[in-house]
Structures are given as structure tokens and as C-alpha cells.
Amino acid sequence: KTKQLLHHPRKPVCLNPTDFQNIAPGELGKLIYNLQTHQIELEMQNEQLHSTQAELQKSKDSYRALYDNAPTGYMILNPEGKILQANLTSASMLGISQQKLVTQSFNHFINPADQDIFYLWFKSLEGAQHKEVCEIRLEGQSNTDNFWVRLEYKPILDHQDKLNQIYLSMSDISEQKQSELIQHQHSETLKLLNKLLSLPLKEHSLEKLLEMSLNEILATPVFHLQSR
């Protein structure tokens, strides 16, 4: 046993008090030295383990902060559309706490006018193998703050290739939609004005037309403008 401790200090050995009676004075010093060396190595390994654990926790916290504070809302849904996990951005967009958001149905936050659009899109994704996109309006907790979002879907399949979870990202595109609406209105206005300019308007009709606001012109049928 003494030789085991001298040559293999890392291997546990059970010693009895009588074992030490047979250890030569020179060997006892080596034994103590090996045991002390082994203790130092264990302490160093323990410190390294704690350091590694701290670095892993720091990295985990960083990724969590990045996930929670991303400019895009992220959710994990089950195949029925129930929210299993959501980041802080999603909760903020919907005006609800992260804790209350989890376990709710995503369908609960969809504007009633877009419920069918989402339902048909969601059902079409059952066999999808890649990202799919949909644009709908969502409602905040107060049900008065409607906003447009672009949804991106990524299916997560189980080992039997059946839908297990859904990774859903949502980006607020309200400003983009507002810009598109303004551009459409401008385009329609130009079309109407070009059409009016091509009409044989009488002088008094043109004067009346110039007195009208843009909204009044748009709301008035062309033949009424021509007969004014």
C-alpha cells in the first residue's frame, strides 16, 4: 500500500494504522510530499472548475440578455399556438409581463380582422421545412393599440419528423405600413388629378375645384366635379 501511495497518489487507498508501522522514514517523507502535491492539484482543479462555471454562467447571462433585449420579438409556440417561451421584447410589444404572456394562446393577441389570415397561414405551415412569412395586425393588452408585425416561422421537428415546437419572430412594421399607405394615397391622388386635368372643365368648375380641399376632391365623384 505504501508503494501504491508513492507511485499512484491520485488513486484512493484504504490505510490502517498498522500500515504506517512498516513505512521507512525515507518513504514516509515521500508519502507526505505526494499527498500534499495531490491536495494542491485537487485545489487547483477545484478553482479551475469554479472559474469555468463562472464563465459559463456569465456567457449564459449574456446570451439571455441579448435574447431578451433584441429589437425583434421571439417566441416559442407549441403546435396548437400556445406560447411556451417569449423574450422581453415580445412582452413589451404586447403590453404584458413576460410571466403572464407565457401559457397564453398567440391567437388571443391577433386583431379580429386578421384572425382568418393567421389561421390559414398557421395551418399551411404544418408541412413546412423552412421559414415562412406573414404580415398581420396585433393588439396590445388594452385592445386599442393595433400594430402591424411581420411574423417569421421556423418549425422544430422531433425525431419522427413531426412538428414539436415553433420558433416565431415578430418585427414591428407599423411605420412601414403607414409609409405604404401614404404612398398609395399620393399615387391615387395623382391619378385623380391627372384625370381631372384631362376633363373639359368649365371655368367656373375649375374655380370651384380650386376652392375644394384635397379630401373633398377625393370624396367627390368625377362626374360631379365636371358638372360643378
Side-chain angles (χ1 to χ4, degrees), residues 61-156 163-196 212-221:
D61 293 342
S62 296
Y63 279 111
R64 182 69 195 188
L66 179 64
Y67 167 77
D68 269 336
N69 299 292
T72 301
Y74 292 113
M75 291 183 178
I76 298 178
L77 311 181
N78 70 3
E80 289 72 44
K82 181 179 178 180
I83 301 171
L84 304 177
Q85 186 177 325
N87 67 346
L88 283 173
T89 303
S90 297
S92 178
M93 291 170 73
L94 296 170
I96 188 172
S97 70
Q98 221 174 350
Q99 185 177 4
K100 291 182 179 179
L101 183 58
V102 175
T103 73
Q104 293 204 48
S105 171
F106 183 75
N107 198 63
H108 173 75
F109 300 98
I110 301 173
N111 184 291
D114 292 346
Q115 292 276 355
D116 288 344
I117 296 174
F118 178 78
Y119 175 79
L120 294 173
W121 176 73
F122 197 76
K123 285 299 179 182
S124 72
L125 299 173
E126 291 182 353
Q129 300 293 323
H130 53 275
K131 287 185 178 180
E132 298 287 346
V133 178
C134 176
E135 294 180 358
I136 58 173
R137 285 164 293 180
L138 298 183
E139 292 182 343
Q141 192 175 23
S142 62
N143 293 329
T144 58
D145 301 327
N146 292 315
F147 59 97
W148 280 95
V149 294
R150 177 181 290 111
L151 302 177
E152 290 194 29
Y153 162 108
K154 181 175 176 59
I156 304 301
L163 186 62
N164 183 35
Q165 291 182 340
I166 298 155
Y167 286 2
L168 194 70
S169 68
M170 57 181 189
S171 305
D172 191 332
I173 57 170
S174 298
E175 290 185 4
Q176 176 188 326
K177 286 294 184 179
Q178 182 64 22
S179 177
E180 290 174 357
L181 177 61
I182 293 173
Q183 289 179 1
H184 176 72
Q185 290 175 339
H186 286 172
S187 176
E188 292 301 309
T189 301
L190 288 173
K191 288 179 183 178
L192 178 59
L193 291 176
N194 287 330
K195 190 170 185 178
L196 288 173
M212 297 172 63
S213 68
L214 182 59
N215 289 335
E216 288 176 330
I217 295 175
L218 293 174
T220 305

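Quick note: numbers below take in every heavy atom, side chains included, and nothing from hydrogens, waters or symmetry partners.
Ala70 and Asn87 get closest at one heavy-atom pair: CB-ND2, 4.5 Å. Residue Thr89 comes nearest to Gly73 through the heavy atom pair CG2-N, 3.9 Å, listed as atom of the first residue, atom of the second, then distance. The minimum heavy-atom distance linking Ile117 with Cys134 is given by the pair CG2-SG, 4.2 Å. In this structure, Ser97 and Ala91 approach most closely via the heavy-atom pair C-CB, 4.0 Å. Nearest heavy-atom pair across Gln98 and Ala86 is NE2-O, 2.7 Å.
Taking OG of Ser90 as the start and CD1 of Ile76 as the end, the distance is 10.5 Å to the nearest 0.5 Å. Atoms CZ and CE, on Phe109 and Met170 in that order, are 8.5 Å from each other to the nearest 0.5 Å. The CD1 atom of Ile173 sits 8.5 Å away from the CG atom of Leu151 when rounded to the nearest 0.5 Å. The distance from atom CD1 of Ile83 to atom CG of Leu101, rounded to the nearest 0.5 Å, is 4.0 Å. Of the inter-residue distances, the one linking Ser105 atom OG with Glu80 atom CD reads 10.0 Å to the nearest 0.5 angstrom. How far CG of Asn78 is from CD of Gln165: 8.5 Å, rounded to the nearest 0.5 Å.
With hydrogens and angles left out, the side-chain atoms of Ser174 and Asp172 include a donor and acceptor closer than 3.5 Å.
At distances below 3.5 Å, at least one donor-acceptor pair connects side-chain atoms of Asp68 with backbone N or O atoms of Leu88. Checking side-chain atoms of Gln115 against main-chain N and O of Asn107 turns up a donor-acceptor pair under 3.5 Å.
With contacts defined as side-chain heavy-atom distances shorter than 4.5 Å, the pair Tyr74/Leu168 does not qualify. Within the 4.5 Å cutoff, the side chain of Gln85 has no heavy atoms near those of the Val102 side chain. Proximity of Glu152 to Thr72: side-chain heavy atoms (C-beta onward) are nowhere separated by under 4.5 Å. Contact annotation: the side chain of Phe147 never approaches that of Asn111 to less than 4.5 Å [non-hydrogen atoms, C-beta and beyond]. Using a 4.5 Å heavy-atom threshold, the side chains of Ile110 and Leu138 count as touching. Between Ile166 and Phe122 there is a side-chain heavy-atom pair separated by less than 4.5 Å. Looking at heavy atoms from C-beta onward, Pro112 lies in side-chain contact with Glu139 at the 4.5 angstrom threshold. A 4.5 Å side-chain heavy-atom check between Arg137 and Trp148 finds at least one atom pair inside the cut-off.
Just one residue in the list His184, Gln183, Gln176, Gln178 forms a side chain to side chain donor-acceptor pair (under 3.5 Å) with Glu180, and that residue is Gln176.
Ring planes of Trp121 and Tyr153: perpendicular class, angle over 60° (limits at 30 and 60°).
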